[in-house]
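Throughout, a chain's letter reflects where its sequence line sits, starting with A, and its residues are numbered from 1.
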Protein chains: 2
Amino acid sequence: MFAMNGYDKYAHEPFAVTVDLAVFTLREGALHVLLVERGQEPYAGHWALPGGFLQPDESAETAARRELAEETGLSDVSGLHLEQLRTYSEPGRDPRMRVVSVAFAALLPDAPEAHGGSDAAQARWVPYATAGPLAFDHDRILADAHDRVGAKLEYTCLATAFCAPEFTLGELQQVYETVWGTELDRPNFRRKVLATPGFVAPVPGAARLTGGRGKPAALYRAGTATALHPPLLRPAREGRPA
Amino acid sequence: MFAMNGYDKYAHEPFAVTVDLAVFTLREGALHVLLVERGQEPYAGHWALPGGFLQPDESAETAARRELAEETGLSDVSGLHLEQLRTYSEPGRDPRMRVVSVAFAALLPDAPEAHGGSDAAQARWVPYATAGPLAFDHDRILADAHDRVGAKLEYTCLATAFCAPEFTLGELQQVYETVWGTELDRPNFRRKVLATPGFVAPVPGAARLTGGRGKPAALYRAGTATALHPPLLRPAREGRPA
DNA sequence: CCTTTAATAGTCAGTGCGACTATAAAGGGG
DNA sequence: CCCCTTTATAGTCGCACTGACTATTAAAGG
């Protein structure tokens, strides 16, 4: 399949290495994921996760952040949460050749409308619920990413990564409810978040009138803590696998 | 650096892909990790994590299990817990060439003495506390693996993977204490484990006299559950990072 | 037979959380 | 202008889980 090219003495084969990104955001109360429409075979016309080949001088993290900037059109992606998921390496996952892909999950507060990246492919935010079927094994990658993000909400302060710099506790609660697909009790959620030191910090004297109706909510910023001890466990659904 | 070999049209460079394994076991009440002594440059004479190049027809998981069998000398590694950690891809992590490495963590009940694998490298169980410094970025990989295993003990039933098919609750508790480096209250640990459905299953009428002294302990097998709800949190140490 | 050792059983108080009720502060419609 | 709706915030109650501790049981060793 591959022609050896001078590295036979190391008894190894060369592989193409790519990064694939599952970029999540919240739009209008629903979890959305960034997808691109493939312009060429294989899977031409199908939707896929954004990604690309690793360049010789960059790490997978660097490549993922570069792709993230290209596909979202954001000028500064340095502060965004980017997390390595796992690596997919099944033979045959790309019909062209042997490709090993390092998958990442990224979280955006609220995202600008995505116009195709530098590679002219059309990029679009798609509701997570209606995403797929995708090209290659990207359905699996996307599902793994969603699982990981949901799990990390439980024991980290990651939820603030979905929020604007200043946010209300109601918006923070919506992050949990949207990603988990469950409803949470508002007073209990408040109590838990405020009782966790460093999760959020109040913005003194500031309040937002979200839609107009109702009492204006106090504004908070993300705190300095990263872990949640004890965790904020999602409601135990019967029969949920590990 | 690399000669292109016919895939220029895909605008990508070829990489060597390896797997690295952090194989843990418990020996004499201490956490041990499997290391190999490198026979050739770079880092000749240094200790390193076992691993090797990915073959063209195998996934990283397959390669990791193959390497695990080779390095431990075990005939059947199909039932052992093997978990993908993350992928290390910094340029320059291998001075020879551009190598992307998929790291795995593996857990063994009690391990046979390791004699060098097929590649004639000397393999040895080393106490985790005295392991390192290692070749390449293997210190970092090993630390990451240890963190991951410690975290997974909290919210999964993974601890049984360190135990023989039949074990006492005292032995199971030793797994937690050894990996976490803390002491746990024995009655409370018992209560928690037995109150979690599917964590362990009693072996009727069986008891073991571990060292001889003391009341013989009842034997248990691993249960069918994989997750721990609610989790078994390790004692909160002040200032522990995320 | 008594001491030592280790497993097992049980107690008790504090903490955290689910479920729930009550109050406060805004807008909208009559 | 009053009242109703909406949303944020405050507080209550009981249960479940956990940490700390004491007591009992079953073995080995002198």
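- In terms of phosphate contacts, Arg186(B) brings no side-chain nitrogen or oxygen within less than 4.0 Å of OP1 or OP2 of dA6(C).
- The aromatic rings of Trp180(A) and Tyr176(A) stand perpendicular to each other, their planes meeting at an angle above 60°, with 30° marking the opposite boundary.
- One atom, CG of Leu233(A), and another, P of dG16(C), lie 14 Å apart when rounded to the nearest Å.
- The residue among Asn188(A) and Leu169(B) whose nearest nucleotide of DNA chain C is located toward the 5' end is Leu169(B).
- Nearer the 5' end of DNA chain D, as judged by each residue's closest nucleotide, is the contact made by Asp185(A), out of Asp185(B) and Asp185(A).
- Taking atom CD of residue Glu154(B) and atom C1' of nucleotide dT18(D), one finds them 14 Å apart after rounding to whole Å.
- Using a cutoff of 4.0 Å between basic side-chain nitrogens and carboxylate oxygens, Arg140(B) and Asp144(B) are scored as salt-bridged.
- Going from atom CZ of Arg191(A) over to atom P of dC13(D) covers 13 Å, rounded to whole Å.
- Listed nucleotides dG18(C), dT8(C), dG16(C) differ in distance to Pro230(A); the shortest reach to its side chain belongs to dG16(C).
- Close to dT8(C), at under 4.0 Å from its OP1 or OP2, lies a side-chain N or O of Arg190(B).
- Atom CD of Glu183(B) and atom P of dT18(D) are 20 Å apart (whole Å).
- Atom CZ of Arg213(A) and atom C1' of dT6(D) are 6 Å apart (whole Å).
- In this structure, Leu184(B) atom CG and dG19(D) atom P are separated by 9 Å, rounded to whole Å.
- As rounded to whole Å, 12 Å separates atom P of dG18(C) from atom CZ of Phe189(A).
- Distance CG (Leu219(A)) to P (dA8(D)): 12 Å, rounded to an integer number of Å.
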I'd like to know whether Ser101(A) forms a side chain to side chain donor-acceptor pair (under 3.5 Å) with Thr18(A), so could you lay out the CA-CA distance, the side-chain angles of the two residues, the decisive distance to 0.1 Å, and finally the verdict. CA-CA 5 Å; Ser101(A) 180; Thr18(A) 63; 3.1 Å; yes

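- Residue whose closest nucleotide on DNA chain D sits further toward the 5' end, between Pro187(B) and Pro187(A): Pro187(A).
- Residue Ala195(B) is classed as having no contact, given no heavy-atom separation below 4.0 Å to the nucleic acid.
- Checked options Val175(B), Thr160(B), Leu219(B), Val203(B); the residue passing with Phe167(B) is Thr160(B) (criterion: side chain to side chain contact (heavy atoms under 4.5 Å, CB included)).
- The shortest distance between the side-chain N/O atoms of Lys192(A) and the OP1/OP2 oxygens of dC17(C) is below 4.0 Å.
- Geometrically, Arg86(B) engages Tyr88(B) in a cation-pi contact defined by less than 6.0 Å to the ring centre and at most 45° from the axis.
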